**Student:** 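Take a look at this one; I'll ask things after.
Residue numbers run from 1 in the order of the sequence given. What you see is a predicted model, and the numbers here were worked out from it, not measured in a lab. Side chains included, hydrogens not; waters and symmetry mates left out as well; all remaining heavy atoms used.
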Amino acid sequence: MNRVVISGIGVVSPLGIGFTQTWKALLAGHSAVRRVQHYDPSSLRTQLGAEITDFDAKPYVRNRKSLRLMTRANQLAHTAVRLAADEARIDPATPGNDTVGVYLASENQIADPRHVLDATVEARDDDGSIDMERLGKAAANMYPLFFVEGLPSAEMFFLSDEFGFAGPSAFQSGAGDAGISAIGNAYRAIARGDTAVAVAGAFDDAVSWWCASKLDRLGLLTAATGPGAVRPYDQAASGTVLGEGSCILVLENYDAALRRGIQPYAEIVGFGGGWEPVAPGQIWGDGSGLANSVRSALREASIDGTAVGYVAADGAAVPRADAAEARGLRAALGVGADSVLASSVQPAVGQLLSTAGALNVALAAAALREGAVAPTLNLEHAAADCDLDWVPGTARDLKSDYSLAIGRGLSGQSAALALKRI
């Protein structure tokens with residue numbers, strides 16, 4: 001089996017364009033959570049979000065026709081790929097790109113909804129209901145590319161068109177577990193020799209009104225206001241807020257990276273997934289699936305839980321979910337409250353859905369290379385059943401050779417990736 005390393009990281013987040021800018025902001029304890037500005041959120045229970053302001057994809061998308069067809073989520077992804085490829089010194093449309101794999105994840109579900117609003121209004125009866133017969137007739141006048149632009153996997157076409165990527169590929173839909181799994185599947189492909197290089201990660205514009213209106217009533221988001229609203233693992237935790245962004249990694253055969261003079265962030269040494277039963281009407285399980293995914297990743301890495309110095313954690317800021325996460329980590333790592341550092345960046349960038357898992361991999365890799373751990377903000381009084389060292393308040397040094405990134409879904413899914421210092 002080939003060794004697999006991370007040779008480039010591209011991030012577009014509410015804290016900045018580029019991984020270095022985001023990483024420094026996280027270490028400094030900055031947060032992008034504030035009242036939503038892109039639309040009026042007054043009809044929603046949750047008024048806050050973590051938005052990317054002043055974002056312009058033009059410098060990163062060279063094909064102007066593609067740019068016109070892209071959704072905002074696609075633009076975020078394309079920008080992150082460009083940043084990661086530049087760092088890994090992979091040039092577009094050069095010989096060899098036809099073997100580069102593409103493994104992406106997203107909850108991107110719709111093109112610009114304004115393209116269908118006129119037809120919907122035209123089909124509306126006086127009582128507010130939709131007349132399906134009139135809607136069918138009005139649909140003939142809808143924007144013809146609405147469905148095509150809204151395909152969740154459309155970004156894979158844009159990447160192939162601009163970069164010439166044509167190697168093995170896969171697309172997944174989901175939350176943080178999907179982001180981890182996209183990277184895990186790319187890791188497995190390189191380890192097996194299916195390809196020597198792959199771009200892998202996730203993208204989502206979760207703070208959009210379309211996504212926010214769907215998740216607002218699920219008990220995932222907080223109704224609290226102010227900069228300290230998101231409080232994972234805290235006694236006052238009441239939910240998170242949505243964010244937007246993309247995190248894309250370049251994964252590469254270790255020997256090939258060295259020949260190209262690349263200094264990798266870290267080596268990926270284990271990947272695992274799990275699932276736990278979820279009761280009807282609930283989102284979160286009991287943590288058993290998370291424990292299984294961590295155990296699987298550690299088993300493949302040939303280490304036990306005591307070797308792990310840091311966990312890039314989920315931190316849903318929902319009491320039941322936080323307790324289940326802590327329970328799963330304790331069970332899998334076999335450690336006490338003070339022997340492993342774990343932190344969540346949701347108070348800083350919001351719930352990024354699939355991107356949350358991919359960003360956790362980037363944070364776990366950077367923690368090993370830089371010897372530092374981003375803190376969990378707004379944690380003042382840890383809940384009794386959340387008794388791990390969540391790195392409250394300020395960044396911490398890290399001396400361990402191993403870290404762990406986890407991602408959790410909204411229906412009991414989970415995934416974990418183990419990383420090793422190089």
Side-chain angles (χ1 to χ4, degrees), residues 6-38 48-61 67 70-88 106 155 176 179 183 199-208 227-230 240-250 265 312 315 343-367 369-378 391 393-395 405:
I6 298 170
S7 57
I9 300 178
V11 169
V12 183
S13 84
L15 290 174
I17 308 299
F19 183 56
T20 298
Q21 186 173 349
T22 297
W23 172 250
K24 289 181 177 179
L26 289 171
L27 291 182
H30 297 167
S31 174
V33 173
R34 54 186 57 87
R35 193 175 192 276
V36 171
Q37 299 297 313
H38 287 173
L48 303 178
E51 297 172 297
I52 300 172
T53 58
D54 301 323
F55 171 66
D56 182 8
K58 293 186 183 70
Y60 307 98
V61 184
L67 183 61
M70 287 179 174
T71 63
R72 180 175 175 85
N74 292 143
Q75 292 177 5
L76 296 173
H78 211 86
T79 300
V81 171
R82 172 72 61 184
L83 294 169
D86 285 350
E87 185 176 37
S106 179
E155 177 57 20
I183 297 170
V199 295
F203 60 99
D204 272 301
D205 59 341
V207 77
S208 68
V230 182
T240 188
V241 301
L242 294 172
E244 60 179 346
S246 178
C247 178
I248 303 293
L249 313 181
V250 175
Y265 281 84
S343 64
S344 166
V345 297
Q346 285 205 39
V349 296
Q351 166 58 267
L352 299 174
L353 295 183
S354 62
T355 303
L359 182 60
N360 274 354
V361 177
L363 297 176
R369 190 167 85 164
E370 304 298 328
V373 170
T376 302
L377 303 181
N378 309 329
V391 195
T394 57

**Student:** With sequence neighbours left out, what residues match R369 under side chain to side chain donor-acceptor pair (under 3.5 Å)?
**Tutor:** none
**Student:** If you define the side chain from C-beta out and look only at heavy atoms, does anything of D205 sit under 4.5 Å from T71?
**Tutor:** no
**Student:** Rounded to the nearest 0.5 Å, how far apart are OG1 of T22 and CD1 of I17?
**Tutor:** 7.5 Å
**Student:** Measure the spacing between CD of Q75 and CZ of F55 and express it to the nearest 0.5 Å.
**Tutor:** 5.5 Å
**Student:** Distance-only, no hydrogens or angles: does the D86 side chain make a donor-acceptor pair with backbone N or O of L83 under 3.5 Å?
**Tutor:** no
**Student:** Using 0.5 Å steps for rounding, measure from the CD atom of Q21 to the CG atom of L26.
**Tutor:** 11.0 Å
**Student:** Are the side chain of T376 and the backbone of S344 linked by a donor-acceptor contact shorter than 3.5 Å?
**Tutor:** yes
**Student:** So L67 and K58, do their side chains get closer than 4.5 Å, heavy atoms only?
**Tutor:** yes
**Student:** Quick one: side chain to side chain donor-acceptor pair (under 3.5 Å) partners of H38, sequence neighbours excluded?
**Tutor:** E51
**Student:** Short question: side chain of S354, backbone of G176 - any donor-acceptor pair under 3.5 Å?
**Tutor:** no
**Student:** Is a donor on one side and an acceptor on the other found under 3.5 Å between the side chain of T355 and the backbone of G245?
**Tutor:** yes
**Student:** Is any side-chain heavy atom of L363 closer than 4.5 Å to a side-chain heavy atom of W23?
**Tutor:** yes
**Student:** Going by the side-chain contact (heavy atoms from CB on, under 4.5 Å) test, name the single residue among V12, V81, L76, T79 that passes it with Y60.
**Tutor:** T79
**Student:** Can T240 and Q346 be counted as having a side-chain donor-acceptor contact under 3.5 angstrom?
**Tutor:** yes
**Student:** Tell me which one of V11, I6, V199 satisfies side-chain contact (heavy atoms from CB on, under 4.5 Å) with L249.
**Tutor:** I6
**Student:** Could you walk me through whether V373 and S343 pass the side-chain contact (heavy atoms from CB on, under 4.5 Å) test, one step at a time?
**Tutor:** CA-CA 8 Å; V373 170; S343 64; 3.8 Å; yes
**Student:** Got a donor-acceptor contact below 3.5 angstrom from the N378 side chain to the V230 backbone?
**Tutor:** yes
**Student:** Counting N and O atoms only, with roles assigned by atom type, does the side chain of S106 sit under 3.5 Å from a partner on the main chain of F203, one being a donor and the other an acceptor?
**Tutor:** yes
